[in-house]
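Note that this is a predicted model, so its numbers are computed, not measured. Basis for what follows: all heavy atoms, side chains included, without hydrogens, waters or symmetry-related copies. Along the sequence shown, residues are numbered consecutively beginning with 1.
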Amino acid sequence: QVQLVESGGGLVQPGGSLRLSCAASGRTFRTYTMAWFRQAPGKEREFVAGSSWSGGWTYSADSVKGRFTISRDNAKNTVYLQMNSLKPEDTAVYYCAARSGTVVSDRVSEYDYWGQGSQVTVSS
């Protein structure tokens, strides 16, 4: 069982930066593939970025490539999402997710555990 708690969301102006953190419970954190998803009002939840268990392989959605970076610190049981050059269309609730497989997936249905979500609002 893994419990995930996100933090770091908030209100930021266009062009600004935020870093989300996701703290995980459980001693097997290092064996999980981790990812960030987001969901805007009236839209489906979508994949943002994912990381293999070691952090050695990452994958990002085209919409955030070059602006967002996922990383993880297995010693701290934490995964991060550094978001730069934020745009109003990045406004959403951001969710941390974990799956026991070794491959990063962009499908919501393939993740076993979810955090409660953290609101990110990009507005002037």
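For the pair Ser100 (side chain) and Tyr32 (backbone), a donor-acceptor distance under 3.5 Å is absent. Remark: side-chain polar atoms of Arg67 are paired, donor with acceptor, to backbone N or O of Ser85 under 3.5 angstrom. A donor-acceptor contact shorter than 3.5 Å links the side chain of Glu6 to the backbone of Cys96. Side-chain N or O atoms of Glu110 include none that pairs as donor or acceptor with a backbone N or O of Ser105 at under 3.5 Å. Side-chain atoms of Arg99 come within 3.5 Å of backbone atoms of Val103 as a donor-acceptor pair (strictly under, hydrogens ignored).
Residues passing the side-chain contact (heavy atoms from CB on, under 4.5 Å) test with Asp106, sequence neighbours excluded: Phe47.
Taking 4.5 Å as the limit, every side-chain heavy atom of Glu46 sits out of range of all side-chain heavy atoms of Gln39. Taking 4.5 Å as the limit, some side-chain heavy atom of Val108 sits within range of a side-chain heavy atom of Trp114.
A side-chain hydrogen bond (donor to acceptor under 3.5 Å, both in side chains) check over residues 52-62, counting only residues at least two apart or in different chains, returns the pairs Asp62-Lys65. Residues in residues 78-99 take part in no ring pair (Phe, Tyr, Trp, His ring centres under 6.0 Å) pair, two or more places apart or across chains.
Heavy-atom neighbours of Gln3 CD from other residues, nucleotides or ligands within 6.0 Å: at or below the threshold of 12.
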May I have the step-by-step check of side chain to side chain contact (heavy atoms under 4.5 Å, CB included) for Gln116 and Val93, ending in yes or no? CA-CA 9 Å; Gln116 82 288 352; Val93 177; over 6 Å; no
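In this structure, a donor-acceptor pair under 3.5 Å is absent between the side chains of Thr91 and Glu89. With hydrogens and angles left out, the side-chain atoms of Thr78 and Asp73 include no donor and acceptor closer than 3.5 Å.
Separating the CZ atom in Phe68 from the CG atom in Asn84 is a distance of 8.5 Å, to the nearest 0.5 Å.
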